[in-house]
Amino acid sequence: GHAYTDEQKKIYAEVGGTPHLDNAYTVFGEVISGLDVVDKIAAVKTMQADQPVEKVVMKVTVIKE
């Protein structure tokens, strides 16, 4: 295990998060509209390892600036 600071523990307790993914994965996108969809995905029933019971399929559009 990883040793978390008191401040990190406080943030996880108050805000939430997924500690086992920290420092192992990076954010690769940004939701620019449709936050209600994000909430629906977050509410999907999951089984062990936080894997969805039913697959969640997403259509992704890459926007280059």
Side-chain angles (χ1 to χ4, degrees):
H2 185 284
Y4 294 99
T5 66
D6 289 339
E7 181 65 21
Q8 288 171 314
K9 291 176 188 177
K10 181 179 180 210
I11 291 170
Y12 283 123
E14 293 176 0
V15 178
T18 311
H20 68 278
L21 297 179
D22 286 352
N23 302 314
Y25 293 87
T26 186
V27 175
F28 61 90
E30 177 182 7
V31 177
I32 55 175
S33 66
L35 281 173
D36 58 319
V37 175
V38 174
D39 291 336
K40 288 178 184 178
I41 293 169
V44 167
K45 279 190 170 184
T46 59
M47 52 188 163
Q48 284 184 327
D50 222 14
Q51 189 174 33
V53 172
E54 294 182 25
K55 287 185 178 182
V56 176
V57 180
M58 292 181 263
K59 179 181 176 185
V60 178
T61 303
V62 177
I63 301 171
K64 293 186 178 183
E65 292 185 26

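All values derive from a computational prediction rather than experimental measurement.
When the shell of 6.0 Å around CD1 of Ile32 is examined, it contains 12 or fewer heavy atoms from other residues, nucleotides or ligands.
Under the rule for a side-chain hydrogen bond (donor to acceptor under 3.5 Å, both in side chains), the partners of Thr5 that lie at least two apart in sequence or sit in another chain are Gln8. For Lys9, the side chain to side chain contact (heavy atoms under 4.5 Å, CB included) partners are Tyr4, Asp6, not counting sequence neighbours.
Membership of the apolar cluster around Val31 extends to Leu35, Val38, as traced through chained side-chain contacts below 4.5 Å between ILVMFWY residues.
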Indicate every side-chain donor-acceptor pair of residues 48-60 with a distance under 3.5 Å to a residue at least two apart or in another chain.
unit_1 : atom_1 : unit_2 : atom_2 : d
Asp50  : OD1    : Thr46  : OG1    : 3.3

